[in-house]
Participant: 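Please find one structure pasted underneath; my questions will follow.
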Amino acid sequence: MTFRAIATTAEVIAFILGIGYLFAGHLVVGRWQVDPTEGVLLMGRRMGAVYLGLSAIFFAARSTEESPARSAIARGAAVALFLLALVGVYEFAVGNAARGILVSAAVELLLAVGFVRVLMTERRVVVAA
């Protein structure tokens, strides 16, 4: 997997989530069977703005050459995605969210693994050079 492929995938998913949280937060949290209270929807709209910003970062970085900055983006994305997956599984386990959150956690885990694979591949190339 290339950085371009994983960054483009993350860009599209982040864009969809950003639009979803901004304009249809009740549908997004409804998949997890979380009550769409005003507080939840407020936090969702704020998350939507963050997701759209991340989408822009991945869009801008997807064509860059290997560099410390690109590696930092991949490391940060991997950490954030692993933590999101972990929190999703935890919230399901303690009964705060329904099975729908496990789909989100699985996608987050796959994206995190993709970024880690890119980092490992880049490291091998640097070490071999």
Side-chain angles (χ1 to χ4, degrees):
M1 173 156 296
T2 65
F3 180 82
R4 182 179 181 87
I6 193 69
T8 301
T9 302
E11 166 202 341
V12 170
I13 291 171
F15 182 80
I16 292 168
L17 283 171
I19 295 298
Y21 274 114
L22 275 175
F23 301 110
H26 61 286
L27 295 175
V28 178
V29 297
R31 286 185 357 184
W32 305 336
Q33 295 180 345
V34 172
D35 291 329
T37 64
E38 279 306 309
V40 168
L41 294 176
L42 166 72
M43 292 305 295
R45 287 188 296 274
R46 293 181 58 79
M47 283 179 39
V50 171
Y51 276 119
L52 289 173
L54 289 171
S55 179
I57 289 168
F58 292 129
F59 176 79
R62 75 184 194 286
S63 297
T64 60
E65 296 295 320
E66 195 282 321
S67 68
R70 189 176 95 170
S71 294
I73 291 170
R75 276 193 300 278
V79 168
L81 289 160
F82 273 127
L83 289 173
L84 278 170
L86 184 65
V87 169
V89 170
Y90 171 79
E91 295 299 342
F92 173 74
V94 299
N96 292 333
R99 287 184 185 264
I101 203 162
L102 296 178
V103 173
S104 299
V107 170
E108 292 154 359
L109 183 62
L110 288 172
L111 284 170
V113 168
F115 279 111
V116 169
R117 285 195 66 198
V118 165
L119 287 165
M120 290 172 59
T121 301
E122 289 178 355
R123 185 170 182 223
R124 274 188 247 130
V125 169
V126 170
V127 170

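Positions are given from 1, in the same order as the sequence printed here.
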Participant: How close do Val34 and Asn96 get, counting heavy atoms only, and between which atoms?
Facilitator: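 Here Val34 and Asn96 meet closest at CG2-O, 3.8 Å.
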
Participant: Is any side-chain heavy atom of Glu38 closer than 4.5 Å to a side-chain heavy atom of Leu42?
Facilitator: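 Glu38 does not reach Leu42 side chain to side chain.
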
Participant: Can you name the closest pair of heavy atoms from Ala85 and Ala105 and give their distance?
Facilitator: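 What the structure gives for the nearest pair is CB-O, 3.5 Å.
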
Participant: Name the one of Val116, Leu84, Leu81 that satisfies side-chain contact (heavy atoms from CB on, under 4.5 Å) with Leu111?
Facilitator: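 The single option meeting the side-chain contact (heavy atoms from CB on, under 4.5 Å) with Leu111 is Leu81.
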
Participant: Does the pair Phe115 and Phe82 meet the rule for a ring-ring contact (aromatic ring centres under 6.0 Å, His included), with working shown?
Facilitator: CA-CA 10 Å; Phe115 279 111; Phe82 273 127; over 10 Å; no

Participant: Does some side-chain heavy atom of Thr2 sit less than 4.5 Å from a side-chain heavy atom of Val118?
Facilitator: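 Answer no - side chains too far apart.
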
Participant: Report the distance from atom CD of Glu11 to atom CD1 of Ile16, rounding to the nearest 0.5 Å.
Facilitator: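 Glu11 atom CD to Ile16 atom CD1 measures 10.0 Å (nearest 0.5 Å).
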
Participant: Does any N or O in the side chain of Ser55 come within less than 3.5 Å of the main-chain N or O of Tyr51, such that one atom is a donor and the other an acceptor?
Facilitator: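 Checking the backbone N and O of Tyr51 against the side chain of Ser55, no donor-acceptor pair under 3.5 Å is found.
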
Participant: What are the two closest non-hydrogen atoms of Leu119 and Ser71, and how far apart are they?
Facilitator: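 Heavy atoms only, the tightest pair is CD2-O, 3.7 Å.
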
Participant: Got a second to check how far Leu22's CG is from Arg46's CZ, nearest 0.5 Å?
Facilitator: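 Atom-to-atom, Leu22:CG and Arg46:CZ are 11.5 Å apart.
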
Participant: What distance do Met1 atom CE and Met120 atom CE have between them, rounded to the nearest 0.5 Å?
Facilitator: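 Spacing of CE (Met1) from CE (Met120) equals 14.0 Å.
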
Participant: For side chain to side chain contact (heavy atoms under 4.5 Å, CB included), just list the numbers for Val29 and Asp35, CA-CA rounded to whole Å, side-chain angles, deciding distance to a tenth of an Å, and then say yes or no.
Facilitator: CA-CA 7 Å; Val29 297; Asp35 291 329; over 6 Å; no

Participant: Going by side-chain hydrogen bond (donor to acceptor under 3.5 Å, both in side chains), name the residues that satisfy it together with Arg62, two or more places apart in sequence or in a different chain.
Facilitator: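 Checked Arg62 against side-chain hydrogen bond (donor to acceptor under 3.5 Å, both in side chains); zero matches.
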
Participant: Can you name the residues that form a side-chain hydrogen bond (donor to acceptor under 3.5 Å, both in side chains) with Ser104, not counting sequence neighbours?
Facilitator: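 In terms of side-chain hydrogen bond (donor to acceptor under 3.5 Å, both in side chains), with neighbours along the sequence ignored, Ser104 is linked to Arg31, Trp32.
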
Participant: Any chance CZ of Phe92 has more than 12 other-residue heavy atoms, nucleotides or ligands included, within less than 6.0 Å?
Facilitator: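 Yes.
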
